[in-house]
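Structure, as structure tokens:
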Amino acid sequence: RVRAALIAAMAKQSRGVADDFARRSASAEYRQRFARTLPAQGLANDNLADVAAYHVAVNWALVHQAPLPSGARLIALRNQLRGSLAQGSTLPELAPQRRQWVADDFLFRALNLSERIDAFARRPEPDTQAQFARAAREDIRRTLGIDLQNYRFTAQGLVQ
């Protein structure tokens with residue numbers, strides 16, 4: 001259901017982009033990637049803070065047009081998000097089904113965007129990268145209240 005909702009949202013902006021995502025995300029390879037990406041970074045697919053950390057890291061990489069942070073940096077961000085998720089956020093109050101929806105949405109979008117980061121690394125597209133950077137910055141500002149432009153990614157996670 002989350003995948004279908006993302007495809008429908010993408011189709012409102014570009015039928016071609018939506019069709020491409022629908023094709024790629026239906027493949028067995030994509031499902032395997034969905035299952036293995038976070039565990040390869042020491043994160044869990046079934047923990048909202050872990051999924052949110054990966055989602056934020058991918059968007060940070062887009063905003064800063066930098067490599068995707070990994071390993072200890074992601075774990076530090078996860079720990080930061082666990083603290084902020086436990087204090088003052090509405091995410092812990094969500095019903096389990098809604099939490100799962102949010103986690104799946106974050107992961108689908110992050111995987112899709114990480115493919116774009118890989119593609120940009122192989123073949124830079126400055127104008128398109130700038131568009132993705134603006135969209136990523138706005139998405140995280142809207143969903144999590146963080147302006148990624150103002151943060152660096154360090155061994156302690158995100159720091160201003």
Side-chain angles (χ1 to χ4, degrees), residues 2-3 5-6 9-10 12-14 17 21 25 33-160:
V2 172
R3 181 178 161 271
L6 284 172
M10 288 176 181
K12 290 178 182 175
Q13 293 182 332
S14 169
V17 169
F21 176 72
S25 64
R33 185 172 180 220
F34 196 94
R36 73 175 182 261
T37 296
L38 269 67
Q41 296 294 332
L43 302 171
N45 286 337
D46 62 353
N47 183 290
L48 182 54
D50 287 25
V51 174
Y54 184 73
H55 176 66
V56 169
V58 168
N59 281 277
W60 180 91
L62 283 165
V63 167
H64 291 273
Q65 297 186 24
L68 179 64
S70 61
R73 291 175 178 211
L74 279 177
I75 300 300
L77 177 58
R78 184 243 352 244
N79 293 338
Q80 285 179 312
L81 289 173
R82 280 184 177 168
S84 66
L85 289 176
Q87 301 170 1
S89 173
T90 60
L91 291 176
E93 299 167 10
L94 296 175
Q97 238 180 342
R98 184 67 182 145
R99 287 173 62 93
Q100 187 64 52
W101 179 280
V102 169
D104 288 348
D105 178 65
F106 279 177
L107 189 52
F108 266 119
R109 290 190 293 139
L111 288 175
N112 188 47
L113 293 174
S114 71
E115 288 178 348
R116 295 301 300 189
I117 291 170
D118 293 344
F120 291 147
R122 289 189 304 275
R123 198 175 98 214
E125 298 178 39
D127 292 340
T128 304
Q129 286 173 259
Q131 290 174 337
F132 272 85
R134 284 188 299 274
R137 182 179 182 193
E138 184 53 36
D139 180 47
I140 297 300
R141 190 181 324 178
R142 181 181 43 79
T143 59
L144 297 175
I146 300 169
D147 185 350
L148 292 174
Q149 186 67 45
N150 299 329
Y151 287 86
R152 293 177 296 118
F153 224 113
T154 72
Q156 290 74 43
L158 288 177
V159 296
Q160 286 188 314

Within the supplied structure, the quantity of interest is the number of heavy atoms (other residues, nucleotides, ligands) at a distance under 6.0 Å from Asp127 CG; does it exceed 12? no
Mind checking salt bridge (Lys or Arg N to Asp or Glu O under 4.0 Å) for Arg123 and listing every partner two or more places apart, or none if nothing turns up? Glu125
Excluding sequence neighbours, so at least two apart, what forms salt bridge (Lys or Arg N to Asp or Glu O under 4.0 Å) with Arg33? Glu115
Do NZ/NE/NH1/NH2 and the carboxylate oxygens of Asp105 and Arg109 come within less than 4.0 Å? yes
Listed partners of Ser25 passing side chain to side chain donor-acceptor pair (under 3.5 Å), at least two apart: Arg3
Tightest non-hydrogen contact, residues Arg73 and Thr154, listed as CG-O, 3.4 Å
Rounded to the nearest 0.5 Å, how far does [atom2] of [Y] lie from [atom1] of [X]?
{"X": "Leu74", "Y": "Tyr54", "atom1": "CG", "atom2": "OH", "answer": "8.5 Å"}
{"X": "Leu38", "Y": "Gln41", "atom1": "CG", "atom2": "CD", "answer": "8.0 Å"}
{"X": "Phe153", "Y": "Leu68", "atom1": "CZ", "atom2": "CG", "answer": "8.0 Å"}
{"X": "Leu144", "Y": "Leu81", "atom1": "CG", "atom2": "CG", "answer": "7.0 Å"}
{"X": "Asn112", "Y": "Ile117", "atom1": "CG", "atom2": "CD1", "answer": "10.5 Å"}

Under 6.0 Å between ring centres, would you say that holds for Phe108 and Phe34? yes
Can I get a per-line list of side-chain donor-acceptor pairs under 3.5 Å for residues 56-67, giving both atom names and the distance, sequence neighbours left out?
unit_1: Asn59; atom_1: ND2; unit_2: His55; atom_2: O; d: 2.8
unit_1: Trp60; atom_1: NE1; unit_2: His64; atom_2: NE2; d: 3.1
unit_1: Trp60; atom_1: NE1; unit_2: Tyr151; atom_2: O; d: 3.1
unit_1: His64; atom_1: NE2; unit_2: Leu148; atom_2: O; d: 2.8
unit_1: His64; atom_1: NE2; unit_2: Tyr151; atom_2: O; d: 3.2

Run the ring pair (Phe, Tyr, Trp, His ring centres under 6.0 Å) test against Phe21 and tell me which residues pass, sequence neighbours left out. none
Flag the pair Asn79 / Ile75 as yes when at least one side-chain heavy-atom distance between them is below 4.5 Å, and no otherwise. yes
Does the side chain of Arg137 reach to within under 4.5 Å of the side chain of Arg134, using non-hydrogen atoms? no
Please check: side-chain N/O of Asn150 versus main-chain N/O of Gln160, any donor-acceptor pairing under 3.5 Å? no
Heavy-atom donor-acceptor pair, Asp50 side chain to Leu43 backbone, under 3.5 Å: no
Show the numbers, then the answer: is there a side-chain hydrogen bond (donor to acceptor under 3.5 Å, both in side chains) between Gln100 and Asp104? CA-CA 6 Å; Gln100 187 64 52; Asp104 288 348; 2.9 Å; yes
Once ring pair (Phe, Tyr, Trp, His ring centres under 6.0 Å) is applied, what residue pairs with a partner in residues 116-148 remain, sequence neighbours excluded? Phe120-Phe132
